[in-house]
Amino acid sequence: MVMSAASPLDEQNDRHAPLSSPEIVVCPNGPLLVRGDFTIAAANGGKIPRRRRTVALCRCGASGIKPYCDGTHKLIGFRTKPDTENAV
């Protein structure tokens, strides 16, 4: 797995942080970072487990741990269009 790991302190702070409204950050040439209080649902309606309030979701389609990002986008040279990063 290529994704960088958070330090134990980051994980501890993440678990005990107050709930917040969901926020999605589009990373250029990378994943979608989703923060806050949200649920990830599978196609069949079941919940996909997560251990953190901030997760990186795959956009390139090549991750080995979908729906999560494992950093494979860097290895395959995934690129996004500039206009998708600057939407209003």
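None of these values were measured; they are calculated from a predicted model.
Residues V55 and V26 share a single hydrophobic cluster, defined by chaining ILVMFWY side chains whose heavy atoms lie under 4.5 Å apart. Hydrophobic clustering (side-chain heavy atoms under 4.5 Å, transitive across Ile, Leu, Val, Met, Phe, Trp, Tyr) groups V34 together with I65. Hydrophobic clustering (ILVMFWY, side-chain heavy atoms < 4.5 Å, transitive): L32 and V25 are in distinct clusters.
Under a 3.5 Å cut-off, the side chain of D37 and the backbone N or O of S20 do not form any donor-acceptor pair. With hydrogens and angles disregarded, a donor-acceptor distance shorter than 3.5 Å links the side chain of R50 to the backbone of R52. For R59 (side chain) and G30 (main-chain N/O), a donor-acceptor pair under 3.5 Å exists by modelled atom type. Checking side-chain atoms of K66 against main-chain N and O of G61 turns up a donor-acceptor pair under 3.5 Å. T80 places a side-chain N or O within 3.5 Å of a backbone atom of N29 that can act as its donor or acceptor partner.
We find the OG-CZ distance between S21 and F38 to be 12.5 Å, quoted to the nearest 0.5 Å. Here the CG atom belonging to L57 is positioned 8.5 Å from the CG atom belonging to L33, to the nearest 0.5 angstrom. Rounding to the nearest 0.5 Å gives a distance of 11.5 Å between NZ of K74 and SG of C60.
Qualifying side chain to side chain contact (heavy atoms under 4.5 Å, CB included) partners for A42, counting only residues two or more places apart in sequence or in other chains: N44, I48.
For the side-chain contact (heavy atoms from CB on, under 4.5 Å) test with C58, the passing option among P67, P31, S63 is S63; the others fail.
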